[in-house]
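Small disclaimer: the values here were computed from a predicted structure and weren't measured. Positions are given from 1 along the sequence.
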Amino acid sequence: QVQLVESGGGLVQAGGSLRLSCAASGRTFSRYAMGWFRQAPGKEREFVAAINWSGDSTYYADSVKGRFTISRDNAKNTLYLQMNSLNAEDTAIYYCAAGDGPSIVTKVPSFRNWGQGTQVTVSS
């Protein structure tokens with residue numbers, strides 16, 4: 001098992017930026033791909049971004065491509081999501097998740113462990 005704790009959410013104006021962090025403990029963080037998901041009220045949880053075990057491969061949802069950047073620091077057991085040019089449609093609870101293996105995955109069932117989420121609210 002790996003325990004995941006997100007932080008960095010908050011209230012930001014449209015056009016602003018936030019950086020989310022996800023601290024991992026438990027099983028070896030560096031062996032596994034990681035991902036960010038989000039869930040808005042009344043909507044299903046949706047994929048945002050993923051990164052492979054080493055950090056040299058990333059993948060993004062079309063809705064965030066060019067605005068969000070996923071990264072990781074395996075020495076610090078931490079995953080990041082830099083979010084720029086935020087808009088009201090980005091308002092959601094953001095979750096980090098750990099995959100079952102080293103390669104990028106994007107579907108919810110492919111992620112074994114989840115954090116509790118952090119709220120991001122973008123005011124227009």
Side-chain angles (χ1 to χ4, degrees):
Q1 286 284 2
V2 63
Q3 290 73 45
L4 303 171
V5 179
E6 302 95 336
S7 61
L11 175 65
V12 63
Q13 288 188 334
S17 298
L18 281 175
R19 188 194 197 201
L20 305 183
S21 298
C22 173
S25 61
R27 63 185 172 116
T28 307
F29 175 76
S30 61
R31 294 183 181 176
Y32 302 96
M34 298 291 295
W36 286 99
F37 289 75
R38 66 187 181 186
Q39 188 165 17
K43 294 188 177 181
E44 293 187 354
R45 191 167 299 189
E46 67 171 355
F47 169 78
V48 174
I51 189 167
N52 71 336
W53 70 277
S54 63
D56 61 2
S57 181
T58 58
Y59 186 78
Y60 298 92
D62 287 344
S63 58
V64 306
K65 200 173 297 181
R67 300 188 298 123
F68 291 11
T69 302
I70 188 172
S71 61
R72 66 190 299 162
D73 185 336
N74 286 342
K76 295 183 178 180
N77 286 353
T78 303
L79 176 73
Y80 303 100
L81 184 69
Q82 177 66 43
M83 306 186 294
N84 299 329
S85 301
L86 286 161
N87 57 60
E89 288 69 40
D90 296 316
T91 295
I93 299 174
Y94 282 72
Y95 299 89
C96 68
D100 269 341
S103 301
I104 285 177
V105 288
T106 63
K107 304 299 183 184
V108 169
S110 299
F111 290 84
R112 180 190 298 184
N113 302 113
W114 295 81
Q116 83 291 345
T118 186
Q119 176 71 48
V120 171
T121 303
V122 183
S123 63
S124 56

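- Counting only distance, with no hydrogens or angles, the side chain of R67 and the backbone of S85 share a donor-acceptor pair below 3.5 Å.
- Residues satisfying the side chain to side chain donor-acceptor pair (under 3.5 Å) criterion with D73, sequence neighbours excluded, are absent altogether.
- Residues P102 and A33 come closest through the heavy atom pair O-CB, 3.7 Å.
- Residues V48 and I70 fall within the same hydrophobic cluster, defined by Ile, Leu, Val, Met, Phe, Trp and Tyr side chains chained together at heavy-atom separations under 4.5 Å.
- Counting only heavy atoms from C-beta outward, the side chains of E44 and V108 never approach each other to under 4.5 Å.
- Remark: S110 engages V105, K107 in a side-chain contact (heavy atoms from CB on, under 4.5 Å) (not counting sequence neighbours).
- One N or O on the side chain of T91 and one on the backbone of V122 form a donor-acceptor pair closer than 3.5 Å.
- Between A49 and L81 the shortest heavy-atom distance is CB-CD1, 4.3 Å.
- Both L79 and V2 belong to a common hydrophobic cluster when Ile, Leu, Val, Met, Phe, Trp and Tyr are linked at side-chain heavy-atom distances under 4.5 angstrom.
- Partners of Q1 according to the side-chain contact (heavy atoms from CB on, under 4.5 Å) rule, which considers only residues two or more places apart in sequence or in another chain, are Q3, N113.
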Identify every side-chain donor-acceptor pair in residues 10-25 under 3.5 Å, counting partners at least two apart or on other chains, and give the distances.
from : atom 1 : to  : atom 2 : distance (Å)
S17  : OG     : N84 : OD1    : 2.9

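- Partners of R31 under the side chain to side chain donor-acceptor pair (under 3.5 Å) rule, at least two apart in sequence or in another chain, do not exist in this structure.
- Applying the side-chain contact (heavy atoms from CB on, under 4.5 Å) rule to S57 yields the partners N52, I104; only residues at least two apart in sequence or on another chain are considered.
- Residues passing the side-chain contact (heavy atoms from CB on, under 4.5 Å) test with K43 are A40, sequence neighbours excluded.
- Considering OG of S124 and CG of L86, their distance stands at 12.5 Å, rounded to 0.5 Å.
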May I have the list of side-chain donor-acceptor pairs in residues 93-101 shorter than 3.5 Å, sequence neighbours left out?
from : atom 1 : to   : atom 2 : distance (Å)
Y94  : OH     : R38  : NH1    : 2.9
Y94  : OH     : D90  : O      : 2.6
D100 : OD1    : R112 : NE     : 2.7
D100 : OD1    : R112 : NH2    : 3.1

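- A salt bridge (charged side-chain N to carboxylate O under 4.0 Å, His left out) check over residues 76-86, counting only residues at least two apart or in different chains, returns nothing.
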Worked verdict on Y60 versus T106 for side-chain contact (heavy atoms from CB on, under 4.5 Å): CA-CA 9 Å; Y60 298 92; T106 63; over 6 Å; no
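- Within the structure, no pair that satisfies the disulfide (SG to SG under 2.5 Å) test touches residues 29-74, not counting sequence neighbours.
- N77 places no side-chain N or O within 3.5 Å of a backbone atom of G26 that could act as its donor or acceptor partner.
- In plain terms, the two heavy atoms of Q116 and L4 that are nearest each other are OE1-O, 3.6 Å.
- Checked against salt bridge (charged side-chain N to carboxylate O under 4.0 Å, His left out), K65 has the following partners two or more places apart in sequence or in another chain: D62.
- Applying the ring pair (Phe, Tyr, Trp, His ring centres under 6.0 Å) test to every pair with at least one member in residues 13-46, sequence neighbours left out, gives these pairs: F37-F47, F37-F111, F37-W114.
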